[in-house]
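The basis for the numbers below is simple: all heavy atoms, side chains too, and nothing from hydrogens, waters or symmetry mates. Here is the naming used below: chain letters follow the sequence lines, and residue numbers restart at 1 for every chain. Small disclaimer: the values here were computed from a predicted structure and weren't measured.
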Amino acid sequence: MEKGIVNTEIGSIIVYVKDNKAIKIEFKNEFLKEIELGIFTSQIKEYFEGKRKKLLFNVEINTGKTFKKIWDFVREIPYGQTMTYGQIAKILNVNPRVVGFAMSKNPLPIYIPCHRVVGKNDIHGFTGGRKWKEYLLNLESSQQY
DNA sequence: TCTAGCTAAACCC
DNA sequence: GGGTTTAGCTAGA
């Protein structure tokens, strides 16, 4: 398994790659030494510079049918827009609780833009902390044109 | 304002 | 295999 690291304004992002497929993305609240790793790190870097709106590399996800359906849908949420757990649940005909659970178990944040999914009355949680979610949402809204 | 019910899959015995 | 847990939401009191 290979590892790539990209630094951002508020910390580092680690991307784990196996057989040329991303299997996990992790947020760190500390700054690590950057490690280039082909398109994986270059696309993430472009995304944080606001030049790229969608990550397009191979990933490997082994999970249940419903989770996959939810993640597929979340990937279709346009750049800079947000939806609530409830809206997604209604469209996919699942329970809102399951949507939240799927997000919490999502191994590939950013690739699956779960930061664009918020609660009805609150931002709610995010892998690695709400700080990242706010940062990502702010990044996208400032890039809208 | 507060409580109960819904509901899927990872995770731990 | 079974019980517990989890980034929500709605309806009824």
**Request:** Check the angle between the aromatic planes of A:Phe48 and A:Trp132 and answer parallel, tilted or perpendicular using the 30° and 60° thresholds.
**Result:** perpendicular
**Asked** Knowing that exactly one of A:Lys133, A:Glu140, A:Glu134 qualifies, which makes a side-chain hydrogen bond (donor to acceptor under 3.5 Å, both in side chains) with A:His115?
**Response** A:Glu140
**Fill in**
When rounded to whole Å, the CD1 to P distance for the pair A:Ile70 and C:dA7 reads 15 Å
**Message:** In the structure I gave you, are the side-chain heavy atoms of A:Lys33 and A:Ile5 within less than 4.5 Å of one another anywhere?
**Reply:** no
**Prompt:** Should the pair A:Glu36-A:Lys45 be classified as a salt bridge under the 4.0 Å nitrogen-to-oxygen rule?
**Reply:** yes
**Complete:** Against the side chain of A:Arg97, the closest entry in B:dC6, C:dC9, C:dA7 is B:dC6
**Asked** Roughly how many Å is it from CD1 in A:Ile110 to P in C:dA7, rounded to a whole number?
**Response** 20 Å
**Item:** Mutual orientation of the aromatic rings belonging to A:Phe27 and A:Phe126 [parallel < 30°, tilted 30-60°, perpendicular > 60°]
**Value:** tilted
**Request:** From the options C:dG8, B:dC11, C:dT6, select the nucleotide whose nearest atom is closest to the side chain of A:Lys105.
**Result:** B:dC11
**Prompt:** So which of A:Ile88, A:Ile70, A:Asn106 actually passes side-chain contact (heavy atoms from CB on, under 4.5 Å) with A:Val117?
**Reply:** A:Ile88
Please write out the pairs of protein N or O atoms and N or O atoms of nucleotides 10-13 of chain C separated by less than 3.5 Å, giving the distance to one decimal.
unit_1: C:dT10; atom_1: OP2; unit_2: A:Lys120; atom_2: NZ; d: 3.1

**Message:** Heavy atoms only, 4.0 Å cut-off, all strands: where does A:Thr66 land among base, sugar-phosphate and nothing?
**Reply:** sugar-phosphate
**Request:** Identify the two heavy atoms, one from A:Gly50 and one from A:Tyr79, that lie closest to each other, and give their separation to 0.1 Å.
**Result:** CA-OH, 4.4 Å
**Request:** Tell me the stems DNA chain C sits in, counting at least three consecutive Watson-Crick or G-U wobble pairs, each under 3.5 Å on both distances.
**Result:** B:1-6 with C:8-13, B:8-13 with C:1-6
**Asked** Given atom CG of A:Leu92 and atom C1' of B:dA8, what is their separation to the nearest angstrom?
**Response** 13 Å
**Request:** Can you tell me the distance, in whole Å, between the CH2 atom of A:Trp71 and the C1' atom of B:dA10?
**Result:** 10 Å
**Request:** Return the nearest nucleotide to the side chain of A:Thr63; candidates are B:dA8, B:dA10, C:dA7.
**Result:** B:dA10
**Asked** Donor-acceptor pair under 3.5 Å: do we get one between A:Thr127's side chain and the base of C:dA7?
**Response** yes
**Asked** CE of A:Met103 versus C1' of B:dA9: gap in Å, rounded?
**Response** 13 Å
**Side chain of A:Asn95 - closest among B:dA8, B:dT7, C:dA7** = B:dT7
**Asked** Rounded to the nearest Å, what distance is computed from the OH atom of residue A:Tyr85 to the C1' atom of nucleotide C:dT6?
**Response** 11 Å
**Asked** How close or far is atom C1' of C:dT5 from atom CZ of A:Phe101, stated in whole angstroms?
**Response** 6 Å
**Asked** Rounded to the Å, how far apart are A:Phe67 CZ and B:dA9 P?
**Response** 6 Å
